[in-house]
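Notes to accompany the following structure.
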There are 2 protein chains.
Amino acid sequence: MVSIKDIAKKAGVSISTVSYALNGSNKVTDETSSKILAIAKELNYVPNAAARNLKKRETKIVGVFLTDFRGDVYGDLLHGMKEISNLQGYDLIVCSGEQSHKMLPERMIDGAIILDQMFASEELLKYADLGHKIVVLDRELDHPNINQVLLDNKAGATLAMEHLIELGHKKIYVVTGPEGSYDSMQRMKAVRMVSERSHDVECIEISGNFEKTGGEKAAEQIIAEYKEPVAVFCLNDEMAIGLWNRISETDLKIGEHIHLIGFDNIELAGYMQPRLSTINYSKQKWGALAAEQLLKLLSGDTVENERIYVTLVRGESANRV
Amino acid sequence: MVSIKDIAKKAGVSISTVSYALNGSNKVTDETSSKILAIAKELNYVPNAAARNLKKRETKIVGVFLTDFRGDVYGDLLHGMKEISNLQGYDLIVCSGEQSHKMLPERMIDGAIILDQMFASEELLKYADLGHKIVVLDRELDHPNINQVLLDNKAGATLAMEHLIELGHKKIYVVTGPEGSYDSMQRMKAVRMVSERSHDVECIEISGNFEKTGGEKAAEQIIAEYKEPVAVFCLNDEMAIGLWNRISETDLKIGEHIHLIGFDNIELAGYMQPRLSTINYSKQKWGALAAEQLLKLLSGDTVENERIYVTLVRGESANRV
DNA sequence: TTGTACGCGTTATCAG
DNA sequence: CTGATAACGCGTACAA
């Protein structure tokens with residue numbers, strides 16, 4: 001590996017001169033500087049990140065932690081984060097799995113954005129205590145080094161419920177996310193609130209998992225209990241699709257017997273026939289805002305917790321009874 | 001930041017003893033070892049990655065380079081890579097954009113997997129010359145430090161073409177990928193080969209871009225020229241969907257007037273009505289194999305170039321004329 | 001303008 | 001078994 005030492009030797013100068021020249025300092029003659037640069041190029045010199053990081057005590061990298069690389073939601077989200085990060089001279093890397101958690105405390109990255117239920121809150125708080133900057137997208141954590149950028153889950157769930165009720169539905173199945181999911185819990189709170197103030201509406205909870213399988217399982221129960229047209233609010237689109245798949249195997253029709261609404265507006269939702277009703281929000285903006293907040297934290301600014309707004313997408317999967 | 005020096009001071013031993021204890025060497029009494037470990041925990045000691053990397057000259061991280069985080073193909077692919085990497089004690093990070101290219105030469109990562117047409121081959125060869133290990137999934141490069149794991153594009157394109165011909169089609173539009181795309185070029189080679197040996201088949205090339213917009217544009221031309229049922233082979237599913245969308249706005253029906261086949265078998269393909277015919281391959285296996293090859297390169301083993309096999313998925317988007 | 005010397009945190013070598 | 005010391009590559013205050 002060629003280091004500044006090698007360049008110094010070849011150029012007949014000291015390593016500090018090389019370092020100055022490489023970093024464009026004006027402490028070096030243009031002549032020697034250009035000579036050094038030429039030699040550096042000739043020797044294929046590349047600075048060593050580890051050495052630089054060790055000295056500068058920062059890496060100019062932010063890490064995003066996801067539960068899994070699969071899932072339609074992530075693409076735009078990451079795109080938004082990357083744009084903002086790059087703009088400010090930071091690189092963005094995506095990590096997944098418990099093994100990579102150590103990257104934050106070991107200072108491989110300068111900060112982290114968390115969208116991974118498997119990343120325990122206690123662990124995050126521990127890192128925050130050590131001075132690491134974190135933005136969470138999937139929970140609420142009160143700590144000066146942690147900022148949260150959350151979806152307006154309550155507004156979204158309320159929109160969905162009120163939409164179904166407005167369409168005249170009196171019996172609504174609600175398929176939840178996995179236990180412990182912040183998004184699921186928030187959405188359920190809103191669901192129950194709407195349910196309580198709508199006395200003539202029967203609300204039946206089915207526990208799900210935010211995956212297709214959860215929707216399929218819920219479908220079983222709904223099919224078994226079916227007497228007359230009902231409404232179903234799946235707390236995310238993925239489950240709505242799973243439920244849809246299972247329903248398709250029966251004589252029941254989505255939008256006619258089963259009136260369905262989801263949450264997330266994933267790409268697939270737009271291609272279902274009839275179109276899946278759902279709750280939409282800008283994933284890219286969400287990512288961008290998260291990155292923005294993290295960078296502010298890193299530069300020592302104070303930041304407010306932000307919220308991402310949501311809207312109703314009226315498809316034909318839920319209609320008037 | 002607490003370092004081994006702090007621990008050494010507090011424990012009244014030297015830093016080397018601390019290092020040994022921390023790394024579980026048997027050169028230390030159990031007594032001092034456990035004392036040191038206790039102090040380390042008490043002080044919230046976390047080793048510094050930069051210092052370790054600097055010394056050990058490796059990071060135990062492999063990087064994957066993608067053009068863009070969006071795109072359905074990546075999820076399973078990355079999942080496959082991560083599984084294999086983690087199994088061998090490596091972390092996997094996902095990078096995108098030119099800014100992050102430097103991570104390889106700067107030794108932030110031990111090796112790279114490339115699926116990014118924007119990552120120039122000359123650049124890759126330069127890094128390979130410097131001794132860096134690379135696996136490419138989107139081109140052919142002959143270099144001892146570079147291994148390639150490629151799709152069997154020719155087999156796939158041949159399967160698709162022969163399927164359409166077998167169904168009795170005499171006029172086949174082929175929508176290509178962007179210029180310079182290796183996958184597109186390989187698939188086109190096979191298309192032309194089949195076309196040449198099928199004298200009664202007319203083959204019309206339309207240049208695309210592997211994105212929805214390419215399919216939409218191709219649709220315009222096909223609609224304008226439409227006289228009787230024709231077949232279309234979009235060199236990837238994304239374009240097939242784009243084409244589909246545009247066709248849906250006309251009176252023409254997919255599977256009846258326009259007989260369509262794609263390539264990739266993305267999730268959405270399975271949800272189109274009628275189901276999109278396409279070429280399938282295991283994305284997870286592809287990723288796993290890529291990671292495997294990279295790890296072999298890193299451990300100095302010699303590796304053969306591998307190929308990912310493909311199969312035909314018969315949907316109802318292409319039928320007998 | 002250039003060179004010297006030290007620090008960053010870890011590991012490895014060599015003495016004791 | 002333990003300790004002192006020297007790398008690793010880079011950045012920078014300070015001295016020349």
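Below, chains carry the letters A, B, ... as their sequence lines are ordered, and counting in each starts from 1. Note that the structure is predicted; figures quoted are calculated from it, not measured.
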Check your understanding: Can you find a side chain N or O atom of Ser3(B) that sits less than 4.0 Å from OP1 or OP2 on dC8(C)?
Key -> no
Practice item. Could you tell me whether the side chain of Ser16(A) has a donor or acceptor atom within less than 3.5 Å of a complementary atom in the base of dT4(C)? Key: yes
Check your understanding: Does Thr29(A) make a side-chain N or O approach to OP1 or OP2 of dT2(C) shorter than 4.0 Å?
Key -> yes
Exercise for review: Take Ala51(B) and Thr17(B), find for each the nucleotide of DNA chain D with the closest heavy atom, and name the residue whose nucleotide sits nearer the 5' end.
Suggested key: Thr17(B)
Study note, to complete from the structure: With the side chain defined as heavy atoms from C-beta on, Tyr20(A) is closest, among dG3(D), dC14(D), dT11(C), to dC14(D)
Study note, to complete from the structure: When rounded to whole Å, the CE to C1' distance for the pair Met1(A) and dC8(D) reads 8 Å
Practice item. Quickly work out the Ile15(B) CD1 to dT5(D) C1' distance and round it to whole Å. Key: 8 Å
Point to revise | Separation of atom CZ in Arg107(A) from atom P in dT10(C), rounded to whole Å | key: 11 Å
Point to revise | Closest non-hydrogen atom pair between Cys95(B) and Ile93(A), with its separation | key: SG-CG2, 4.2 Å
Check your understanding: Between dA6(D) atom P and Lys5(A) atom NZ, what is the distance in whole Å?
Key -> 13 Å
Practice item. Check every atom of dG7(C), dC1(D), dT10(C) against the side chain of Lys55(B) and return the nucleotide holding the closest atom. Key: dT10(C)
Exercise for review: Would you mind reading off the distance between Ile4(A) atom CD1 and dC6(C) atom P, rounded to a whole angstrom?
Suggested key: 17 Å
Practice item. Quickly work out the Asn53(B) CG to dT10(C) P distance and round it to whole Å. Key: 11 Å
Practice item. Classify the side-chain pair Ser16(B)/Ser19(B) by whether it contains a donor and acceptor separated by less than 3.5 Å. Key: no
Practice item. Counting heavy atoms from C-beta on, name the nucleotide in dC14(D), dG11(D), dT2(D) closest to the side chain of Arg52(A). Key: dG11(D)
Check your understanding: Does Asp91(A) pair with Lys60(A) as a salt bridge, N-O distance under 4.0 Å?
Key -> no
Revision key, fill the gap. Side-chain contact check for Ser14(B): nearest option of dC10(D), dG3(D), dT2(C) is dG3(D)
Point to revise | Whole-Å distance separating the NZ atom of Lys35(B) from the P atom of dC1(D) | key: 16 Å
Review point. Is the closest side-chain heavy-atom distance between Leu115(A) and Val64(A) below 4.5 Å?
Key: no
Practice item. Provide, to the nearest angstrom, the distance between the CG atom belonging to Asn23(B) and the P atom belonging to dA12(C). Key: 8 Å
Check your understanding: Do Tyr20(A) and Asn26(A) have side-chain N/O donor and acceptor atoms under 3.5 Å apart?
Key -> no
Revision key, fill the gap. When Arg57(B) and Gly12(B) are each assigned the nearest nucleotide of DNA chain D, the 5'-most assignment goes to Gly12(B)
